[in-house]
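Here is the naming used below: chain letters follow the sequence lines, and residue numbers restart at 1 for every chain.
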Protein chains: 2
Amino acid sequence: MRRTPVGRQTRARGIPEATVARLPLYLRALTALSERSVPTVSSEELAAAAGVNSAKLRKDFSYLGSYGTRGVGYDVEYLVYQISRELGLTQDWPVVIVGIGNLGHALANYGGFASRGFRVAALLDADPTVVGSSAAGLPVRHMDELEAIVESQHVSIGVITTPPGAAQQVCDRLVEAGVTSILNFAPTVLTVPDGVDVRKVDLSIELQILAFHEQRKAGEEPDQGRSGEESVLDRAPGPVRAAAAKLRRAAGAAKDIKDIKAEKVENDSERPAVMPA
Amino acid sequence: MRRTPVGRQTRARGIPEATVARLPLYLRALTALSERSVPTVSSEELAAAAGVNSAKLRKDFSYLGSYGTRGVGYDVEYLVYQISRELGLTQDWPVVIVGIGNLGHALANYGGFASRGFRVAALLDADPTVVGSSAAGLPVRHMDELEAIVESQHVSIGVITTPPGAAQQVCDRLVEAGVTSILNFAPTVLTVPDGVDVRKVDLSIELQILAFHEQRKAGEEPDQGRSGEESVLDRAPGPVRAAAAKLRRAAGAAKDIKDIKAEKVENDSERPAVMPA
DNA sequence: CCATCTTTGTGCACACGTTCACAAACGCAT
DNA sequence: ATGCGTTTGTGAACGTGTGCACAAAGATGG
Ligand SMILES: NC(=O)c1ccc[n+]([C@@H]2O[C@H](COP(=O)([O-])OP(=O)(O)OC[C@H]3O[C@@H](n4cnc5c(N)ncnc54)[C@H](O)[C@@H]3O)[C@@H](O)[C@H]2O)c1
Ligand SMILES: NC(=O)c1ccc[n+]([C@@H]2O[C@H](COP(=O)([O-])OP(=O)(O)OC[C@H]3O[C@@H](n4cnc5c(N)ncnc54)[C@H](O)[C@@H]3O)[C@@H](O)[C@H]2O)c1
């Protein structure tokens, strides 16, 4: 089942993944226009509203079909419908949220959640002290009920907001129950069988990416290359690098210092790691 | 300032953006190994732990330098240090969170936040009934204090968790105060001056992408192409498409029905849009 | 019906990202 | 030392994504 030609996940029905990821953005902008009763919009205007370049937007739409009119633009209502249909938003998607702690509560209360076809079918938790309480008007049910809920309500999307340690186990259980799409908020790499999609939302990763660029900005104008940060050894070819590597391993693991003969190595300005976790 | 050769954002110091985005993933896996006192790890093992393919991991690391030892693998502690340094995590990054509602509270309480060099410098809100309360042991301060806090604590990263309507305004104010990196949770396209980085976390978009693939899975085995879903007109070339477009515009905007002459158009199985927002 | 103006849809070139596959480097045993 | 098994680091091929630039389509006005 589900033979894919060669790549890992070839584009489905010709719509590139990058385009799919932008469709919700366009849809949001179009919905805003629709609410203002704007009848048509040009690719230039819509692109500006969605924060992309207009050529990209036109190419994205071209994968859906030719829905524009040259010299005029796109019909807002019609595009809203076409994109909604393409994304599968003309139907209702029941979701379960597992792990009703800080984040689970926030998600349960999130209005924008239900606004576009996603309906919270159930809130689930393993902790008996949490089960029975309610969030956003919905009761928190016990994990034991998961299978019955997924089956009876035809839930195919699950959201995981448990601590990282429980995420894989919860994921397995969701998949076993029949869920085939998972949105994971726990900082864990989930392993799933073929045919199940996982997407993650990871605050920590986003912040670290920002920090990387931030650091870059800071160390830009000053004299190039802050000194002492990188050993010259590491870019050097030949046996010098090998000696440096040996040094590192010995220092890092703090054992077998005996057979380090320092060979040609002199400069040792490296800090021995063990950084703040 | 900040001249980039030709592209929008050429790779900084040779590290591709895609690689930067994976470094936090590697770091997380390495930290776990470090806690188990594993001294060295092969690219194959580490790649499995991080959920990527080993060739990609090796190439990623090659951008940082040659930190491995052939026949052995990578020294865990040393790599943790190198990646931390590359991401700028050897220094402390104070952040402000603006908009302490459901989500802001959850973030403030999030432990994994502070664990890697990110310190919550302040919680801010505009609502007088929220200001003065406390979340996760920190007091919620009024927006008026933003500029003073950013300056005195050298905050360069801001997190926006306000309603969408306030996001751009809050963003402008953060930038004006000196913040140069923004993590946005509001479903809004933020406009910022050059030199400011914005990353977004958008639950709604993630769910919609999942729905797209979910729909694909559902409509896969059944006889190809669910009928009645797409008008044959829209893939047709020539004047037929034009007539269809005219029909759509007229139907969508509900005006100027007079000059639709139906020309060659017969089949009109399309629903006239106006979908659930 | 023609001229003119606007805006789409897309071919093309290039940049970026991924994966393969293998030589070179290294540890270790003999 | 030498040989053997292991694993890195990277060149090269391939796939995906982006953006330019323009012909063709359609609107509009005379
Ligand atoms: N709070 C945030 O802002 C934030 C930000 C980023 C990531 N995260 C991640 O999101 C997850 C949840 O964060 P949180 O702050 O809400 O944590 P939390 O501890 O407040 O809530 C976790 C909930 O999961 C439940 N749970 C534990 N094991 C379970 C199991 N096996 N089955 C079902 N439920 C189980 C607990 O009873 C608890 O109610 C964590 O993985 C965290 O790292 C949180
Ligand atoms: N709650 C979620 O799970 C969730 C999920 C995805 C996205 N979001 C988005 O995150 C944002 C916050 O969601 P929430 O549920 O926490 O909303 P919320 O209404 O609970 O909280 C918003 C907070 O922002 C404050 N605020 C409003 N205007 C402000 C301004 N100009 N300056 C400073 N503070 C201001 C309000 O006083 C309030 O405390 C929203 O944009 C929402 O769409 C939330």
Side-chain angles (χ1 to χ4, degrees), chain A residues 4-12 14-22 40-47 52-75 79 234-246 248-250 256 259 263, chain B residues 4-12 14-22 40-47 52-75 79 234-246 248-250 256 259 263:
Chain A
T4 43
V6 55
R8 175 181 38 176
Q9 186 189 8
T10 317
R11 68 178 52 163
I15 301 185
E17 193 56 35
T19 295
V20 172
R22 280 187 295 267
T40 62
V41 66
S42 72
S43 63
E44 205 74 49
E45 294 164 335
L46 185 54
V52 303
N53 135 344
S54 71
K56 190 167 7 188
L57 177 141
R58 286 198 301 275
K59 182 148 290 191
D60 284 340
F61 285 175
S62 80
Y63 294 114
L64 307 186
S66 293
Y67 295 148
T69 304
R70 296 174 193 219
V72 175
Y74 299 90
D75 181 273
L79 249 194
D234 291 314
R235 288 285 182 185
V240 184
R241 263 199 42 239
K246 184 181 276 188
R248 284 199 299 267
R249 260 177 295 148
D256 269 4
D259 64 347
E263 305 184 25
Chain B
T4 43
V6 56
R8 174 183 36 178
Q9 187 188 6
T10 316
R11 66 179 53 163
I15 300 184
E17 194 56 33
T19 295
V20 173
R22 282 188 294 266
T40 62
V41 66
S42 72
S43 63
E44 206 73 49
E45 294 164 334
L46 185 54
V52 302
N53 133 343
S54 70
K56 189 165 11 188
L57 178 142
R58 287 198 300 277
K59 181 142 288 194
D60 284 341
F61 285 175
S62 80
Y63 294 114
L64 308 185
S66 293
Y67 296 147
T69 304
R70 294 170 195 225
V72 176
Y74 299 89
D75 181 90
L79 249 195
D234 291 315
R235 289 285 183 187
V240 183
R241 261 199 44 239
K246 183 181 276 190
R248 285 198 299 270
R249 260 176 297 145
D256 269 4
D259 63 346
E263 305 182 26

Rounded to the nearest angstrom, tell me the gap between atom CZ in B/F61 and atom P in C/dT19. 16 Å
Can you list the steps and then say if B/F61 with B/Y67 is a ring-ring contact (aromatic ring centres under 6.0 Å, His included)? CA-CA 8 Å; B/F61 285 175; B/Y67 296 147; 8.3 Å; no
D/dT18 phosphate, OP1 or OP2, under 4.0 Å from A/R22 side-chain N/O: yes
Nucleotide C/dT8, atom P - distance to CG of A/L46 in whole Å: 10 Å
Mind calculating the distance between OH (A/Y67) and P (C/dG9) to the nearest angstrom? 11 Å
Would you indicate, yes or no, if C/dG9 has its OP1 or OP2 atom less than 4.0 angstrom from a side-chain nitrogen or oxygen of A/Y74? yes
Nearest-Å distance for atom pair CG/C1', residues A/L57 and C/dT7: 12 Å
A/N53 vs A/G71, nearer the 5' end of DNA chain D by closest nucleotide: A/N53
Distance check: side-chain N/O of B/K56 vs OP1/OP2 of C/dT19, anything under 4.0 Å? yes
Would you name the heavy atoms of A/V20 and A/I15 that are closest together and state the gap between them? CG2-CG2, 3.5 Å
A/S43 and A/S54 have their tightest heavy-atom pair at O-CB, 3.9 Å
Rounded to the Å, how far apart are B/D75 CG and C/dG27 P? 13 Å
On the side chain of B/R70, is there an atom forming a donor-acceptor pair with the base of D/dT7 - under 3.5 Å, no angle test? no
Starting at CG of B/L79 and ending at C1' of D/dT8, how long is that distance when rounded to a whole Å? 12 Å
Look at the side chain of A/A18 and decide which nucleotide, out of C/dG9, D/dG17, D/dT8, has an atom nearest to it. D/dG17
Taking the side chain of B/K59 as heavy atoms from C-beta outward, which of C/dT8, D/dG11, D/dG17 is closest to it? D/dG11
Rounded to whole angstrom units, what separation is found between the OH atom of A/Y63 and the P atom of C/dG9? 13 Å
Please tell me if A/S43 has a side-chain N or O lying less than 4.0 Å from either OP1 or OP2 of C/dT8. yes
Any side-chain heavy-atom pair of A/E45 and A/Y74 under 4.5 Å: no
Side-chain donor/acceptor of A/T69 to backbone N/O of A/V72, under 3.5 Å: no
Taken to the nearest whole Å, CZ/B/R58 to C1'/D/dG11 is 13 Å
